[in-house]
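Here the structure is laid out as structure tokens; the discussion comes afterwards.
Below, read A as the first sequence line, B as the second, and so on, with proteins coming before strands; counting in each chain starts at 1.
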Protein chains: 2
Amino acid sequence: MPTTPSTTARSKRAGSQLTPDAIIEASLRIAARGSQDAFTVRRLGEELGADPTAIYRHFRDKDELLLSVADRTLGEVLDSIPEGLDWKDRIRALAAGSLEVALKYPVVGSAMASRTTRRPHEFRVVELILGAVMEAGLTGRDAAVHYRMVGDSLLAFVGQQAAYLLFTPDVRAADESSWSREYRLVDPEQFPNITRLSAELPEVTDEQIFHIRVEALISAIETRARTLRET
Amino acid sequence: MPTTPSTTARSKRAGSQLTPDAIIEASLRIAARGSQDAFTVRRLGEELGADPTAIYRHFRDKDELLLSVADRTLGEVLDSIPEGLDWKDRIRALAAGSLEVALKYPVVGSAMASRTTRRPHEFRVVELILGAVMEAGLTGRDAAVHYRMVGDSLLAFVGQQAAYLLFTPDVRAADESSWSREYRLVDPEQFPNITRLSAELPEVTDEQIFHIRVEALISAIETRARTLRET
DNA sequence: ACCTGAACACCGTTCAAGT
DNA sequence: ACCTGAACACCGTTCAAGT
């Protein structure tokens, strides 16, 4: 028995040689478990059936691995966007796909909120947004600035929602109940607006907020394009 | 000499008794050092001249301390907003003040991007934003949803910029140079839009992006108020 | 009543040793 | 050429012991 290695966890990985792709896929499996499984190099080693430090043979450090993992998830986002949409619906589809994927892999969505992967799938996302703002009628500096507005805003929005999923249940519960607890108990004299809207504030959903945020981005592009046409 | 305690680091804190306020102020001093000094309980003990674990006598855990520290920084934001502004300029002043304070205490700005302090200064910020959207003409559910759009968006925007300041210099340098490196080298056939805007994209500044993001929020409120007036 | 300090259960990463 | 595993320099938090 000790002489046949075929039944150990490690040898089950058929070939037992680590590859960048295998490490990225193991990372995605861990990331998909959300807050119940931290994305650490030690857990990654477990998932791969290898020593935790083995990944350093294939990635300079954890940050470089994260960028590769993130670029892979951008592939999922791109795959979710149908062909033949006009510029507004392309931005809407990108937003919806980004949110879905960020909530599927919260640790990735959260960590990338102020980053760039600098990798192929990100190039395609940039190309897509630039195509949309140019189809809307923007050029040169206007196109560049409005691309950044859309790209950075989408990253910030989905990153914000993704980060929330990583908090422990008790922290999330305390934050969520604040509208019906702390904000219900404020002094009506000092905070008349909060008091007046105390019934409506807890009712607002993340989906509503995300929707009007995305529409605000589209409106901003439209308004700028109209201003340019009129002058 | 050993009998007089007046020259030790600890006794310099006049009374040598820790208070929540002293801990919050020490936290702000560390946070203001940005990426060159991590905000850890051990460093906090150093800053206070006390044992690292002494803070657990005054705060349940590091998260509760963070919420108190964050609420204190919201006080700085509120102090920066002049009286007598109309609703648009109040939102602009809140945005500018939030960004300034978040960049002054990056670890706080970053950590609060998807949180609520549930504390007095935050109540005042919420009251301010609600007052602005109601002055613009929104009521009930519309006011609640647009308040959340403004509040959550400002947190996301300033948190995104603050988080960036916490990365190591080499990570920041690699991200910043991507427009003039990786994005300059893309295939012009496959990425015509990126190629066409390769000169403009690196020129866009964080200030420009922040400005149009805030104006987009104001426009969204204005547009909704006009729609309601017209029906 | 409050503070100390050892201890616990974690992190990412390096490097000499193995195969 | 690649993987292992001990080791290092960190984390936040608990708890028995001190004063």
Side-chain angles (χ1 to χ4, degrees), chain A residues 2-5 8-23 26-27 30-31 33 35-69 107-108 110-111 166-171, chain B residues 2-5 8-23 26-27 30-31 33 35-69 107-108 110-111 166-171:
Chain A
T3 52
T4 159
T8 71
R10 195 169 316 148
S11 62
K12 271 186 189 156
R13 286 186 310 92
S16 95
Q17 196 93 326
L18 251 38
T19 63
D21 264 8
I23 296 171
S27 301
I30 296 168
R33 288 179 213 140
S35 64
Q36 62 184 324
D37 233 347
F39 176 47
T40 67
V41 302
R42 276 171 179 82
R43 177 135 356 234
L44 193 48
E46 231 174 72
E47 184 73 25
L48 288 161
D51 189 271
T53 66
I55 64 152
Y56 289 94
R57 293 287 120 208
H58 301 91
F59 294 94
R60 184 158 47 79
D61 53 25
K62 201 191 174 190
D63 191 66
E64 208 200 275
L65 169 59
L66 173 72
L67 296 184
S68 295
V69 171
V107 73
V108 181
S110 170
L166 299 176
F167 291 112
T168 54
D170 56 303
V171 167
Chain B
T3 53
T4 160
T8 70
R10 197 170 315 149
S11 61
K12 273 186 189 157
R13 288 185 305 93
S16 94
Q17 196 93 323
L18 250 39
T19 63
D21 264 7
I23 296 171
S27 301
I30 296 168
R33 289 179 212 140
S35 64
Q36 62 184 325
D37 233 348
F39 177 48
T40 67
V41 302
R42 278 170 178 83
R43 176 131 1 230
L44 193 48
E46 231 174 72
E47 185 73 25
L48 289 162
D51 189 272
T53 66
I55 66 153
Y56 288 94
R57 292 287 122 208
H58 301 89
F59 294 94
R60 185 158 46 80
D61 53 24
K62 201 192 174 190
D63 191 64
E64 209 200 272
L65 168 59
L66 173 72
L67 296 184
S68 295
V69 171
V107 73
V108 180
S110 170
L166 298 176
F167 291 111
T168 55
D170 55 302
V171 167

Parsed dot-bracket for DNA chain D after applying the Watson-Crick and G-U rules with both distances under 3.5 Å and | for other-strand partners is ||.|||||...|||||.||
So if I define the base as every atom that isn't primed, P, OP1 or OP2, how would nucleotides 10-17 of chain D read as a B/S/- string at a heavy-atom cutoff under 4.0 Å? -BBBB---
Restricting to non-hydrogen atoms, name the atom on A/S35 and the atom on A/F167 that form the minimum distance, rounded to 0.1 Å.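 So the two residues come closest at CB-O, 4.2 Å.
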For a quick test of reading the model, state the closest non-hydrogen atom pair linking A/K62 to A/F39 and the distance between them.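 It is NZ-O, 2.8 Å.
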Starting at [atom1] of [X] and ending at [atom2] of [N], how long is that distance when rounded to a whole Å?
{"X": "A/D51", "N": "C/dT19", "atom1": "CG", "atom2": "P", "value": "15 Å"}
{"X": "B/E46", "N": "C/dT4", "atom1": "CD", "atom2": "C1'", "value": "16 Å"}
{"X": "A/H58", "N": "D/dT4", "atom1": "NE2", "atom2": "C1'", "value": "14 Å"}

Residues two or more places apart in sequence or in another chain: which of them pass side chain to side chain contact (heavy atoms under 4.5 Å, CB included) with [X]?
{"X": "A/V108", "result": "A/A31, A/V69, A/A70, A/T73, A/Y105, A/M112"}
{"X": "B/D63", "result": "A/V171, B/D61, B/L66, B/L67, B/R115"}
{"X": "B/A26", "result": "B/R29, B/L44, B/E47, B/L48"}

B/Q17, nearest nucleotide to its side chain (from D/dC2, D/dT4, C/dC2):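 Given the options D/dC2, D/dT4, C/dC2, the side chain of B/Q17 is closest to C/dC2.
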Taking the side chain as C-beta and beyond, is there a heavy-atom pair between A/L18 and A/H58 under 4.5 Å?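 Yes - at least one pair of side-chain heavy atoms lies under 4.5 Å apart.
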Could you verify whether a donor N or O on one side chain and an acceptor N or O on the other, from A/T168 and A/D170, lie under 3.5 Å apart?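 Indeed, the side chains of A/T168 and A/D170 share at least one donor-acceptor pair under 3.5 Å.
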A/D37: partners by salt bridge (Lys or Arg N to Asp or Glu O under 4.0 Å), with sequence neighbours left out: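 Scan of A/D37 (salt bridge (Lys or Arg N to Asp or Glu O under 4.0 Å), adjacent residues dropped) gives A/R33, A/R43.
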